[in-house]
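Data first, discussion second: the structure below is written as structure tokens.
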Number of protein chains: 2
Amino acid sequence: MRVDARRNYDHLLAVARTVVTEQGADASLRDIARRAEVGLGTLYRHFPTREALLEALLRTSFEELATRAAELETSSSATDALETWLRECVAFTHEYRGVITPMTAAIEDPESALHASCVMLRTSGTQLLTRAQNAGLARTDIDGVDLFALIAALAWLSDQAGTAPRADHLIDLVASAILTDLNTSPGPPVRSRSTESLGS
Amino acid sequence: MRVDARRNYDHLLAVARTVVTEQGADASLRDIARRAEVGLGTLYRHFPTREALLEALLRTSFEELATRAAELETSSSATDALETWLRECVAFTHEYRGVITPMTAAIEDPESALHASCVMLRTSGTQLLTRAQNAGLARTDIDGVDLFALIAALAWLSDQAGTAPRADHLIDLVASAILTDLNTSPGPPVRSRSTESLGS
DNA sequence: ACCTGAACACCGTTCAAGT
DNA sequence: ACCTGAACACCGTTCAAGT
């Protein structure tokens, strides 16, 4: 890579980070090129699609979340690990408003520049979920795909101006739904079953 | 209203329904005017904002959902009513892909043409929720605002191509999180408490 | 090798001119 | 009263021409 190209690439990425932080993942590419004082073609040369730009922007964050999941797997209880990681995933997408929509599309599209990163994230989540399930601490009727979808839904919620303040609370609710005692689901509530056994 | 104006209005609405069903709530207004064989200014005259158009498009559906909530309040158990209505809300937004985003924005903005309809929907939901809470069948740490947010999140999920097939399952999960036995939340799981009482 | 920006085909929104 | 469509200020994307 030529030195001037390298310089353009780096500068473009720095400006894009600012603009996407300000305006969200659907910010004007033209505006990014303009603010980077670079021809529009140069942006397209380095980042052929918007998703390629987002991938370059978010790569380190994705890697950090994967590392974080591995850490939590040994440092925390299965329950805490999953809940903490879930919350950190949502917090991450919140830094780049609107990024969750291309992410949910990308995980279904192997051609997308964001595909690998999203699959990696889903894999990390699946491991934390499986661990909790094996310990009898999480519902067994959901899998990594469901977990990713729930994270996406919560991330979307956090992106909406009005619901953002409630998001934390709703993350709790979803987390508690996943991390429910196995005996409480499926089937009747535990209380009735305990009552039955007491009665017999 | 002049007869030609009335004709334009009705035709515009019919075409818009088709186009929005096909392409989602962010369909091109220009395209709608074109397919209705009407000047673009005519569309803007009748529907000054996109939300005004959506409101006209969805009004009857909103009213049906409100009526439905009132019906369920007397015809079904508190639990079934809330779960059924929640599912019908999601199914409704699914008919007009992408409509949930303007709706979540509108509920915070009294100036929006969609505001009243969304508030009405939220009120219906709040009533079903309160009834379940009073019967001790729903968590008491959420309110109508949370419920609306959860419905929105699930609706968004159903709109995403990849996650749509899972949406039904995830609605179950969220519904069960809301409609959990009061004794299971907040506080420690019921099982431990039962065990304690058995041990003493 | 890389950069540039005009060109093309689209938007949403407004508003002078028509009937 | 109502309709029309040109005009304006934006997009994303491509690509011939430059260095």
Side-chain angles (χ1 to χ4, degrees), chain A residues 1-20 22-57 96-99 101-103 105-106 109 111-114, chain B residues 1-20 22-57 96-99 101-103 105-106 109 111-114:
Chain A
M1 201 174 197
R2 240 164 58 179
V3 282
D4 56 339
R6 166 101 258 154
R7 251 186 15 134
N8 278 337
Y9 180 93
D10 292 340
H11 189 218
L12 227 19
L13 211 50
V15 170
R17 177 156 276 120
T18 306
V19 175
V20 169
E22 284 172 9
Q23 310 181 10
D26 52 354
S28 160
L29 298 178
R30 233 194 190 83
D31 193 35
I32 292 170
R34 212 152 32 205
R35 285 168 66 162
E37 291 175 307
V38 143
L40 192 45
T42 304
L43 187 149
Y44 274 92
R45 159 170 280 266
H46 288 300
F47 308 104
T49 64
R50 168 174 247 112
E51 295 186 342
L53 177 59
L54 290 175
E55 197 276 332
L57 224 50
Y96 303 92
R97 182 166 41 87
V99 83
T101 305
M103 279 174 63
D109 173 19
E111 304 303 308
S112 164
L114 277 170
Chain B
M1 201 172 194
R2 241 165 55 179
V3 281
D4 56 340
R6 166 101 259 155
R7 250 185 16 132
N8 278 336
Y9 181 93
D10 292 340
H11 189 219
L12 228 19
L13 211 49
V15 171
R17 178 156 276 121
T18 306
V19 176
V20 168
E22 284 172 8
Q23 309 181 12
D26 52 354
S28 160
L29 298 179
R30 232 195 191 82
D31 193 34
I32 292 171
R34 212 153 32 206
R35 286 169 65 163
E37 291 173 309
V38 143
L40 193 43
T42 304
L43 187 149
Y44 274 92
R45 160 173 278 266
H46 289 298
F47 309 104
T49 62
R50 165 174 251 116
E51 295 185 345
L53 177 59
L54 291 174
E55 197 277 332
L57 224 50
Y96 302 92
R97 181 166 41 87
V99 84
T101 304
M103 278 174 65
D109 174 20
E111 303 303 307
S112 165
L114 277 170

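Keep in mind that the numbers below use all heavy atoms, side chains included, and drop hydrogens, waters and symmetry copies.
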task = Would you mind reading off the distance between B:Leu43 atom CG and D:dG5 atom P, rounded to a whole angstrom?
result = 14 Å
B:Leu53 vs B:Leu13, side chain to side chain contact (heavy atoms under 4.5 Å, CB included): CA-CA, chis, key distance, verdict = CA-CA 8 Å; B:Leu53 177 59; B:Leu13 211 49; 4.0 Å; yes
ask   = So B:Met1 and B:His46, side chain to side chain contact (heavy atoms under 4.5 Å, CB included) or not? Walk me through it.
value = CA-CA 11 Å; B:Met1 201 172 194; B:His46 289 298; 3.4 Å; yes
task = Classify the nucleic acid contact of B:Arg6 as base, sugar-phosphate or nothing, counting any heavy atom under 4.0 Å across all strands shown.
result = nothing
message = Measuring to OP1 and OP2 of C:dC2, would you say a side-chain N or O of A:His46 lies under 4.0 angstrom away?
response = no
message = For the CD atom of B:Glu55 and the CE atom of B:Met103, what is their distance to the nearest 0.5 Å?
response = 11.5 Å
Nucleotide of D:dC2, D:dG5, D:dT4 approaching B:Asp4 most closely (side-chain heavy atoms) = D:dC2
task = Just compare D:dT4, C:dC2, C:dG12 and give me whichever is closest to any side-chain atom of A:Ala5.
result = C:dC2
remark   = B:Arg34 atom CZ is separated from C:dA9 atom C1', nearest whole Å, by 11 Å
query = So, is A:Asn8 near the phosphate of C:dC2, with a side-chain N or O under 4.0 Å from OP1 or OP2?
reply = no
B:Arg7 bridged to B:Asp4 by N-O distance under 4.0 Å = no
ask   = Roughly how many Å is it from CG in B:Leu40 to P in C:dG18, rounded to a whole number?
value = 19 Å
request  = Please check if the side chain of B:Arg34 supplies one atom and the backbone of B:Leu40 the other of a donor-acceptor pair under 3.5 Å.
outcome  = no
ask   = Which part of the nucleic acid, if any, lies within contact of A:Ser28, taking any heavy atom under 4.0 Å across all strands shown: a base, the sugar-phosphate backbone alone, or nothing?
value = sugar-phosphate
request  = Assign A:Leu29 to base, sugar-phosphate, or nothing according to its heavy-atom contacts below 4.0 angstrom with the strands shown.
outcome  = sugar-phosphate
task = With the side chain of B:Met1 defined as its heavy atoms from C-beta on, choose the nearest nucleotide among D:dT13, D:dC2, C:dC2.
result = D:dC2
key: Comparing B:Asp31 and B:Arg2 on DNA chain C - which has the more 5′ nearest nucleotide   = B:Asp31
inquiry  = Under a 3.5 Å distance rule, please check whether A:Arg17 uses its side chain to pair with a backbone N or O of A:Leu57 as donor and acceptor.
reply    = yes
request  = Output yes when at least one side-chain N/O atom of A:Arg30 is less than 4.0 Å from OP1 or OP2 of C:dC10, else no.
outcome  = no
ask   = When the distance from CD1 of A:Ile32 to P of D:dC11 is rounded to whole Å, what number comes out?
value = 11 Å
task = Could you summarise the pairing of DNA chain D as dot-bracket text, marking Watson-Crick and G-U pairs under 3.5 Å with ( ) or [ ] inside the strand and | across strands?
result = ||.|||||...|||||.||
note = Closest heavy-atom pair, B:Gln23 versus B:Arg35, reported as atoms and distance to 0.1 Å, is NE2-NH1, 3.9 Å
key: Side chain of B:Arg45 (C-beta onward), nearest among C:dG5, D:dC3, C:dC2   = D:dC3
